[in-house]
*Asks:* 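Before I ask anything, let me first share the structure, which is written out below as structure tokens.
Just so you know, residue 1 is the first one in the sequence shown, and it goes up from there.
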Amino acid sequence: KGHWEKHCYTVMGVDYGAAFVFNIFHRFGKGLKFPGLHSFAPDKPGGILMMDLKEEKPRARELRISRGFDLASFNPHGISTFIDNDDTVYLFVVNHPEFKNTVEIFKFEEAENSLLHLKTVKHELLPSVNDITAVGPAHFYATNDHYFSDPFLKYLETYLNLHWANVVYYSPNEVKVVAEGFDSANGINISPDDKYGPL
């Protein structure tokens, strides 16, 4: 057996789709639906799962999300966490409700294993968000994999090989493009010591 075969096993509780974040706990989204991509559960809303990586055989458990959040259209994609100085854990999730683009900010409630929805971020500089890396309780960098949000214009942008994808910095006081000229800006991350990033 190869290296991966010896160290891999099926994770119980994961039925379909995932985007990953590693921490003491492993949190990931399920249920991404995207035009042109096969969906394994087209009638089920997305969700956020968590695994305790210290368990011998980790099992994915779905986190409950606070009332008032529109679970029916929840379509999670990129995901990131930020741990504040007081150990508060914030979860940032790229969401595509009805194929639009938002970033959802949650606070992790450890005692209840739940997420409290704090804010939905929409902005004209976030037209086609793919991934995110959190750098503060309400601050993040995000990649736009296309300049346009319209599906036909996205197709045209790809067909014409336009390098208009970018990286955007968001804070409550400032939103700006910080890097541009990419063919398709996809994943993004930052080193734990903040020395390198966003990458």
Side-chain angles (χ1 to χ4, degrees), residues 7-33 40-41 43-98 100-123 126 129-143 169-173 187-194 197-198:
H7 300 286
C8 291
Y9 60 91
T10 301
V11 176
M12 302 308 295
V14 179
D15 299 323
Y16 53 92
F20 302 95
V21 166
F22 287 93
N23 206 314
I24 295 169
F25 292 98
H26 180 75
R27 295 172 189 86
F28 48 101
K30 69 172 190 171
L32 176 64
K33 296 164 196 65
F40 291 98
D43 299 328
K44 291 185 179 180
I48 302 295
L49 304 172
M50 183 177 80
M51 291 178 6
D52 184 344
L53 296 176
K54 293 180 282 183
E55 292 177 359
E56 186 174 323
K57 291 220 171 201
R59 178 177 177 78
R61 294 171 182 85
E62 189 159 356
L63 296 176
R64 187 177 51 79
I65 297 177
S66 61
R67 290 186 194 152
F69 181 73
D70 182 11
L71 281 173
S73 68
F74 191 38
N75 192 7
H77 194 172
I79 189 168
S80 182
T81 56
F82 177 79
I83 302 173
D84 214 345
N85 293 332
D86 63 0
D87 290 332
T88 301
V89 177
Y90 296 92
L91 185 71
F92 293 68
V93 181
V94 173
N95 186 20
H96 302 294
E98 300 168 12
K100 295 185 175 100
N101 293 276
T102 65
V103 173
E104 308 298 342
I105 303 176
F106 299 94
K107 179 180 168 189
F108 176 57
E109 304 283 344
E110 189 172 4
E112 295 86 28
N113 269 342
S114 65
L115 295 171
L116 174 64
H117 184 251
L118 301 176
K119 182 177 184 177
T120 297
V121 175
K122 297 178 192 175
H123 194 277
L126 299 169
V129 185
N130 183 296
D131 200 8
I132 188 167
T133 189
V135 294
H139 308 71
F140 59 84
Y141 289 92
T143 58
Y169 171 75
Y170 175 91
S171 77
N173 301 322
I188 189 167
N189 211 333
I190 195 163
S191 65
D193 62 3
D194 293 333

*Asks:* Which value, rounded to the nearest 0.5 Å, describes the distance between Ile65 atom CD1 and Phe74 atom CZ?
*Replies:* 4.5 Å
*Asks:* What are the two closest non-hydrogen atoms of Pro97 and Thr102, and how far apart are they?
*Replies:* CD-OG1, 3.8 Å
*Asks:* List in chain and number order the residues that pass side chain to side chain donor-acceptor pair (under 3.5 Å) with Ser73, two or more places apart in sequence or in another chain; answer none if no residue qualifies.
*Replies:* Asp70
*Asks:* Atom NE2 in His96, atom NE2 in His77: separation rounded to 0.5 Å?
*Replies:* 5.0 Å
*Asks:* Applying ring pair (Phe, Tyr, Trp, His ring centres under 6.0 Å), can you list everything that pairs with His117, at least two apart in sequence or on another chain?
*Replies:* Phe69, Phe106
*Asks:* Would you compute the distance between atom CG of Asn75 and atom CG of Asn101 and round it to the nearest 0.5 angstrom?
*Replies:* 10.0 Å
*Asks:* For Ser80 and Phe92, indicate whether the former's side chain and the latter's backbone hold a donor-acceptor pair under 3.5 Å.
*Replies:* no
*Asks:* Any pair with a residue in residues 76-85 that passes salt bridge (Lys or Arg N to Asp or Glu O under 4.0 Å), sequence neighbours left out, goes on the list, sorted by first then second residue, please.
*Replies:* none
*Asks:* Pairing donors with acceptors under 3.5 angstrom, does anything connect the side chains of Ser171 and Asn173?
*Replies:* no
*Asks:* If you take all heavy atoms of Pro172 and His139, which pair is closest and at what distance?
*Replies:* CD-NE2, 3.8 Å
*Asks:* Please report the shortest heavy-atom distance between Pro76 and Asn95, naming the atom on each side.
*Replies:* N-OD1, 4.0 Å
*Asks:* For Asp131, what residues pass the side chain to side chain contact (heavy atoms under 4.5 Å, CB included) criterion, not counting sequence neighbours?
*Replies:* Thr143, Ile188
*Asks:* Using every non-hydrogen atom in the two residues, find where Val94 and Asn130 come nearest and quote the distance to one decimal.
*Replies:* CG2-O, 4.0 Å
*Asks:* Taking only residues two or more places apart in sequence or in another chain, which ones pass side chain to side chain contact (heavy atoms under 4.5 Å, CB included) with Asp87?
*Replies:* Ile83
*Asks:* If you measure from CD1 on Ile132 to CD1 on Ile79, what distance do you get to the nearest 0.5 Å?
*Replies:* 9.5 Å
*Asks:* Among all residues two or more places apart in sequence or in another chain, which pass the side chain to side chain contact (heavy atoms under 4.5 Å, CB included) test with Glu112?
*Replies:* Arg64, Glu109, Ser114
*Asks:* Can you list everything that forms a salt bridge (charged side-chain N to carboxylate O under 4.0 Å, His left out) with Lys100? Sequence neighbours excluded, please.
*Replies:* Glu98
*Asks:* With sequence neighbours excluded, tell me which residues meet side chain to side chain donor-acceptor pair (under 3.5 Å) with Asn85.
*Replies:* none
*Asks:* To the nearest 0.5 Å, tell me how far Leu115 CG sits from Tyr90 OH.
*Replies:* 13.0 Å
*Asks:* Working to the nearest 0.5 Å, report the span between CD of Glu62 and CG of Asn113.
*Replies:* 12.0 Å
*Asks:* Evaluate the side chain to side chain contact (heavy atoms under 4.5 Å, CB included) criterion for residues Phe108 and Leu63: first the C-alpha distance (whole Å), next the side-chain angles of each, then the deciding distance (0.1 Å), finally the verdict.
*Replies:* CA-CA 9 Å; Phe108 176 57; Leu63 296 176; 4.0 Å; yes
*Asks:* My understanding is that only residues two or more places apart in sequence, or in another chain, count here; which of them pass ring pair (Phe, Tyr, Trp, His ring centres under 6.0 Å) with Tyr169?
*Replies:* Tyr141
